[in-house]
A.B. asks: 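Before anything else, here's the structure in question.
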Amino acid sequence: MSEDARGCSNSSCTRESCAGCEHSKESMLEQLNQYSSIKNVIGIVSGKGGVGKSFVTAMLAVLLNRKGYRVGILDADITGPSIPRMFGINEKASANELGLLPELTVNNIKIMSVNLLLDKEDSPVVWRGPILAGTVKQFWTDVVWDELDYLFIDMPPGTGDVPLTVFQSIPLDGIVIVSSPQDLVSMIVKKAYNMAKLMNIPILGYVENMSYVKCPDCGKEIPIFGESKLGEIAEETGVDILGRIPIDPVLASLVDKGEFERFSCDYLSGAAEHIEKMYEKKV
Ligand SMILES: Nc1ncnc2c1ncn2[C@@H]1O[C@H](COP(=O)(O)OP(=O)(O)OP(=O)(O)O)[C@@H](O)[C@H]1O
Ligand SMILES: [Mg+2]
Ligand SMILES: [Zn+2]
């Protein structure tokens, strides 16, 4: 086998320095469940937790579903799964001889999450790294997704071992990086950016969450966490900003009620269109 760009010629390379080299990439990819066919796989990542990654994942999934595509959400955030709750799903996942079956939201978005497997929704997940990563792999290999146009993956937060394994095991077509203005933005966003670059995964763009609050009286936009620096980073890294989401109490209450699918804002409509255009040839 010939050497790749990193000077690696080992066909089963798993060197950390080679993460993302063509060889290691091929050797570590997991096989999709044989009864599934997924056209586009999009990961939602953030350099740190709590910035609204699940929120953005769910919003993009709903918007593409509204456009008439067949959409699924793989909740890869094993220790802090929040996707089923947002959609009011309390049932446990079932299985048949073909594999594990996702649950459906009101509008037929397919969901798989560790919350659908645990007995109690609030039982803490204290598994170690390799088991966490193994569970995520199973959501790829053992779940009968059937046919999907888009699978959105709510990635584990940060840039540690578990996200790295997910990056290596599942063939992502692109990622969206979520940040919020109170982050040490440049450092944290760049971490996520660098990880994607290292793994050769296309970055679709940035989404800034909790960008501002709208005054209920006059509609003025108040940047309560300070002015955004994302514009500078976008320019520096040559990546587009796909959208900005304000802190919106209506959205927060829909999350709490498990009725997120009913939102009517258009903060990410542009992002959804971008994703649709980018992949329309494949769908
Ligand atoms: N723009 C927003 N307006 C109102 N509430 C929001 C907004 N974004 C996020 N929230 C709320 O903030 C909380 C954190 O958001 P979310 O769970 O999506 O973050 P996360 O990045 O997935 O966090 P974690 O790293 O824990 O998985 C949730 O309760 C969510 O409903
Ligand atoms: Mg989350
Ligand atoms: Zn005002």
Side-chain angles (χ1 to χ4, degrees), residues 42-63 73-89 109 111-116 118 121-122 124-127 132 135-136 139 152-163 166 175-185 188-189 191-192 195 206-225 228 230 241-272:
I42 297 171
I44 317 297
V45 301
S46 65
K48 66 162 205 159
V51 298
K53 194 166 31 65
S54 305
F55 196 84
V56 169
T57 306
M59 196 175 263
L60 289 174
V62 171
L63 289 170
I73 303 177
L74 189 164
D75 187 355
D77 194 350
I78 303 290
T79 53
S82 45
I83 294 290
R85 259 196 131 123
M86 299 181 76
F87 291 94
I89 294 178
I109 296 174
I111 308 269
M112 183 46 72
S113 166
V114 73
N115 256 3
L116 305 181
L118 296 176
E121 208 190 304
D122 53 2
V125 178
V126 289
W127 305 334
L132 295 178
T135 304
V136 178
F139 287 171
F152 290 93
I153 304 188
D154 187 0
M155 298 283 284
T159 46
D161 272 355
V162 179
V166 180
I175 59 156
V176 171
I177 298 176
V178 184
S179 76
S180 61
Q182 81 271 39
D183 286 344
L184 294 166
V185 172
I188 291 166
V189 170
K191 249 189 183 171
M195 180 158 158
Y206 300 126
V207 168
E208 186 174 76
N209 188 28
M210 310 187 194
S211 284
Y212 56 91
V213 177
K214 217 176 204 152
C215 171
D217 297 326
C218 66
K220 186 175 174 215
E221 295 179 2
I222 307 156
I224 53 170
F225 292 119
S228 168
L230 193 59
I241 298 177
L242 298 178
R244 288 195 152 96
I245 310 173
I247 295 178
D248 185 335
V250 175
L251 293 175
S253 99
L254 287 175
V255 168
D256 291 342
K257 287 190 285 191
E259 296 176 359
F260 193 69
E261 240 168 342
R262 299 173 69 163
F263 73 78
S264 58
C265 64
D266 59 0
Y267 306 125
L268 289 187
S269 300

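These values consider heavy atoms only, across backbone and side chains, with no hydrogens, waters or symmetry-generated copies. Positions are given from 1, in the same order as the sequence printed here. Order of listing sets the numbers, starting from 1, for every ligand and every atom in it.
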A.B. asks: What residue and heavy atom of the protein are closest to atom 19 (O) of ligand 1, and at what distance?
C.D. replies: G52 N, 3.0 Å
A.B. asks: Examine K53 against ligand 1 and note whether any of their N/O atoms are separated by less than 3.5 Å.
C.D. replies: yes
A.B. asks: At what distance is the nearest protein heavy atom to atom 5 (N) of ligand 1, and which residue and atom is it?
C.D. replies: A252 CB, 3.7 Å
A.B. asks: Would you say P246 and ligand 1 have an N/O pair spaced under 3.5 Å apart?
C.D. replies: yes
A.B. asks: Should V176 and L242 count as side-chain neighbours, where that means a heavy-atom distance under 4.5 Å?
C.D. replies: yes
A.B. asks: To the nearest 0.5 Å, how far apart are CD1 in I224 and OH in Y212?
C.D. replies: 12.0 Å
A.B. asks: Go through the structure and list residues passing salt bridge (charged side-chain N to carboxylate O under 4.0 Å, His left out) with D154, not counting sequence neighbours.
C.D. replies: K53
A.B. asks: Could you count the protein N, O or S atoms found under 2.8 Å away from the Zn ion (ligand 3)?
C.D. replies: 2
A.B. asks: To the nearest 0.5 angstrom, please state how far the CZ atom of F55 sits from the CG atom of L251.
C.D. replies: 4.0 Å
A.B. asks: Mind listing the closest non-hydrogen atom pair of P81 and V114 along with its distance?
C.D. replies: CG-CG1, 3.6 Å
A.B. asks: If the cut-off is 4.0 Å to any non-hydrogen atom of G49, which atoms of ligand 1 fall inside it?
C.D. replies: 25 (O)
A.B. asks: Rounded to the nearest 0.5 Å, what's the gap from OG on S179 to CZ on R244? Could you check?
C.D. replies: 9.0 Å
A.B. asks: If you take all heavy atoms of S180 and E208, which pair is closest and at what distance?
C.D. replies: CA-CG, 4.5 Å
A.B. asks: Protein heavy atoms: any of them under 4.0 Å from atom 28 (C) of ligand 1?
C.D. replies: no
A.B. asks: Are any of the N/O atoms in P249 less than 3.5 Å from those in ligand 1?
C.D. replies: no
A.B. asks: For the Mg ion (ligand 2), check which protein N, O or S atoms are under 2.8 Å away and list them.
C.D. replies: S54 OG
A.B. asks: State the CD1-CG distance between I44 and L60, to the nearest 0.5 angstrom.
C.D. replies: 5.0 Å
A.B. asks: Numbering the atoms of ligand 1 from 1, which are under 4.0 Å from a heavy atom of V255?
C.D. replies: 31 (O)
A.B. asks: Where does N209 meet ligand 1, judged by heavy-atom distances below 4.0 Å: at the side chain, the backbone, both, or neither?
C.D. replies: side chain
A.B. asks: Using the side chain to side chain contact (heavy atoms under 4.5 Å, CB included) rule, take D75 and N115 through it: C-alpha gap first, then chi angles, then the decisive distance, then the call.
C.D. replies: CA-CA 9 Å; D75 187 355; N115 256 3; 5.9 Å; no
A.B. asks: Counting from 1, what ligand 1 atoms have a heavy atom of P157 closer than 4.0 Å?
C.D. replies: 25 (O)
A.B. asks: Drop me the distance from K214's NZ to I222's CD1, to the nearest 0.5 angstrom.
C.D. replies: 11.0 Å
A.B. asks: List the atom of V178, the atom of V51, and the distance in Å for their closest heavy-atom pair.
C.D. replies: O-CG2, 3.8 Å
A.B. asks: Tell me which one of L254, D248, V45, L251 gets a heavy atom nearest to atom 4 (C) of ligand 1.
C.D. replies: D248
A.B. asks: What protein heavy atom sits nearest atom 11 (C) of ligand 1, and how far off is it?
C.D. replies: F55 CD1, 4.6 Å
A.B. asks: Should you measure from each heavy atom of I245, which atoms of ligand 1 turn up under 4.0 Å away?
C.D. replies: 1 (N)
A.B. asks: Any idea which protein heavy atom is nearest atom 14 (C) of ligand 1, and the distance to it?
C.D. replies: G50 O, 4.4 Å
A.B. asks: Which heavy atom in K48 sits nearest to a heavy atom in S46, and how many Å separate them?
C.D. replies: O-OG, 2.6 Å
A.B. asks: Please report the interatomic distance CD1(I78) to OG1(T135), rounded to the nearest 0.5 Å.
C.D. replies: 5.0 Å
A.B. asks: Write out the residue and atom name of the closest protein heavy atom to atom 12 (O) of ligand 1, then the distance separating them to 0.1 Å.
C.D. replies: M210 CE, 4.2 Å
A.B. asks: Looking at every heavy atom in both A76 and P156, which two are closest together, and how far apart are they?
C.D. replies: O-CG, 3.3 Å
A.B. asks: Give me the atom names and distance for the closest heavy-atom approach of L63 to S269.
C.D. replies: CD1-N, 4.1 Å
A.B. asks: Below 3.5 Å, can you tabulate the donor-acceptor pairs from side chains in residues 260-267 to any protein atom, sequence neighbours excluded?
C.D. replies:
| unit_1 | atom_1 | unit_2 | atom_2 | d |
| --- | --- | --- | --- | --- |
| E261 | OE1 | V106 | N | 3.4 |
| E261 | OE2 | T105 | OG1 | 2.6 |
| E261 | OE2 | N107 | N | 3.1 |
| E261 | OE2 | N107 | ND2 | 3.4 |
| R262 | NH1 | E259 | OE1 | 3.4 |
| Y267 | OH | D248 | OD2 | 2.9 |

A.B. asks: May I ask you to check if ligand 1 and D77 share an N or O to N or O distance below 3.5 Å?
C.D. replies: yes
A.B. asks: Begin with the C-alpha distance, continue with both residues' side-chain angles, and end with the deciding distance and a verdict on side chain to side chain contact (heavy atoms under 4.5 Å, CB included) for I245 and N209.
C.D. replies: CA-CA 5 Å; I245 310 173; N209 188 28; 3.4 Å; yes
